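Fair warning: this is a prediction, and the values are worked out from it, not measured in the lab.
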Amino acid sequence: KIMTGIIAIEEIDDLNKEVLITDEMLDGLKEANASVVGLKVNYIVSYRDLLYALLLPSGGDAANALAISISGSIENFVKLMNNKASSLGLNNTLFTNATGLDNGDNHSNVFDVATILRYALKNTEFKKIYETRKYTMANGMELIASIERSSKRLHLNVDYIKGSKTGSTSLAGVCLSSTFDYNDINYLMVN
């Protein structure tokens with residue numbers, strides 16, 4: 001979803017532009033047991049709201065909505081993702097969807113994900129969203145970063161983490177990317 005987010009930001013001219021949520025954008029997510037934010041058919045949301053929904057609670061519905069509204073189809077959006085991976089020299093990454101779910105030959109490794117994140121963090125809009133902990137969409141839906149939910153459940157102090165994106169699939173297991181400062185040094189961690 002890090003790649004989905006940065007590609008979307010680079011392709012969108014106006015983050016305030018609104019998107020109508022369609023059946024196609026939600027198709028198959030429930031059956032795949034995907035993480036979703038709860039978008040419904042005929043909701044109208046801004047691109048900005050979709051980006052926060054994608055990166056904070058890891059909404060697969062937001063990922064598909066971004067992909068389809070930007071490129072006309074998930075397949076076309078995935079081409080943009082793979083083109084960017086190629087331009088970044090990522091030899092161990094292949095995208096088959098915008099959600100990061102296990103299907104087809106969707107794969108990456110820690111080094112490639114770190115490279116994508118380093119690239120994405122150069123974009124001020126991406127960095128702002130990535131470092132946000134809570135956000136309220138225009139429709140009133142409150143989004144909380146997944147690191148916040150996890151830290152409360154596990155009783156962990158994550159105050160030192162500046163930005164993060166968590167994820168989990170059967171094949172990849174539990175994953176985390178994060179940034180933090182320690183002794184005036186900026187760190188980026190992917191596992």
Side-chain angles (χ1 to χ4, degrees), residues 1-86 93-108 113 116-117 120 123 125-130 132-146 148-149 165-172 175 177:
K1 290 179 183 151
I2 294 169
M3 183 66 95
T4 300
I6 190 59
I7 294 296
I9 289 169
E10 290 177 348
E11 293 292 317
I12 297 167
D13 292 329
D14 179 3
L15 295 181
N16 295 315
K17 185 177 177 186
E18 293 181 329
V19 173
L20 175 68
I21 304 301
T22 66
D23 284 320
E24 180 186 15
M25 295 170 179
L26 307 178
D27 188 41
L29 294 173
K30 186 174 185 175
E31 297 77 15
N33 198 29
S35 171
V36 295
V37 295
L39 298 175
K40 305 284 185 210
V41 173
N42 294 325
Y43 273 17
I44 297 174
V45 294
S46 70
Y47 278 125
R48 184 180 315 282
D49 284 350
L50 288 174
L51 286 163
Y52 278 93
L54 170 78
L55 291 171
L56 271 63
S58 202
D61 45 358
N64 284 349
L66 286 163
I68 292 168
S69 61
I70 290 168
S71 298
S73 71
I74 292 170
E75 294 77 18
N76 288 340
F77 192 83
V78 167
K79 288 177 186 173
L80 295 175
M81 295 170 72
N82 285 318
N83 287 343
K84 180 62 73 179
S86 178
T93 296
L94 178 69
F95 296 104
T96 60
N97 60 60
T99 61
L101 291 172
D102 298 328
N103 77 349
D105 195 25
N106 202 49
H107 65 270
S108 192
V113 172
I116 296 165
L117 182 56
N123 181 288
E125 192 66 41
F126 181 93
K127 185 176 182 188
K128 177 182 164 188
I129 297 168
Y130 186 81
T132 297
R133 298 288 180 110
K134 294 180 183 177
Y135 176 81
T136 303
M137 293 174 54
N139 66 5
M141 187 181 296
E142 291 190 11
L143 306 174
I144 298 173
S146 54
E148 286 290 321
R149 290 192 319 267
K165 173 70 189 76
T166 65
S168 172
T169 70
S170 298
L171 294 176
C175 303
S177 74

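Using a 4.5 Å heavy-atom cutoff, the side chains of Leu80 and Ser71 are in contact. Residues Asp14 and Tyr47 are not in side-chain contact: their nearest non-hydrogen atoms beyond the backbone lie 4.5 Å or more apart. Considering only heavy atoms from C-beta on, Leu94 stays 4.5 Å or farther from Asn106 through its side chain. Counting only heavy atoms from C-beta outward, the side chains of Ile68 and Glu24 approach each other to under 4.5 Å. Two residues are said to be in side-chain contact when any heavy atoms from C-beta on lie closer than 4.5 Å; Met141 and Thr136 fail this criterion. Within the 4.5 Å cutoff, the side chain of Leu26 has no heavy atoms near those of the Asn64 side chain. When side chains are defined from C-beta on, Leu66 counts as touching Ile12, because their heavy atoms get closer than 4.5 Å. For the pair Leu117/Ile6, no side-chain contact is recorded, criterion being any heavy-atom separation below 4.5 Å from C-beta on.
Using a 3.5 Å distance cut-off with no hydrogens or angles, the side chains of Lys165 and Ser58 do pair a donor with an acceptor.
In this structure, the side chain of Asp61 engages the main chain of Gly38 through a donor-acceptor pair within 3.5 Å.
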Stepwise side chain to side chain donor-acceptor pair (under 3.5 Å) check, Ser86 with Asn83: CA-CA 5 Å; Ser86 178; Asn83 287 343; over 6 Å; no

From CA spacing to verdict: side chain to side chain donor-acceptor pair (under 3.5 Å), Asn103, Thr96: CA-CA 7 Å; Asn103 77 349; Thr96 60; 2.8 Å; yes

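In plain terms, the two heavy atoms of Tyr52 and Thr132 that are nearest each other are CE2-OG1, 3.6 Å. For the residue pair Ala62 and Leu50, the shortest heavy atom distance occurs at CB-O, 3.5 Å. Closest approach of Ala53 and Met137 over heavy atoms only: CB-SD, 4.4 Å. The shortest heavy-atom contact between Asp49 and Ala138 is OD2-N, 3.0 Å.
The side chain to side chain contact (heavy atoms under 4.5 Å, CB included) with Leu56 is formed by just one residue from the set Ile144, Leu51, Ile129, Val37; it is Ile129.
Heavy atoms of other residues, nucleotides or ligands lying less than 6.0 angstrom from CG of Asn33 number 12 at most.
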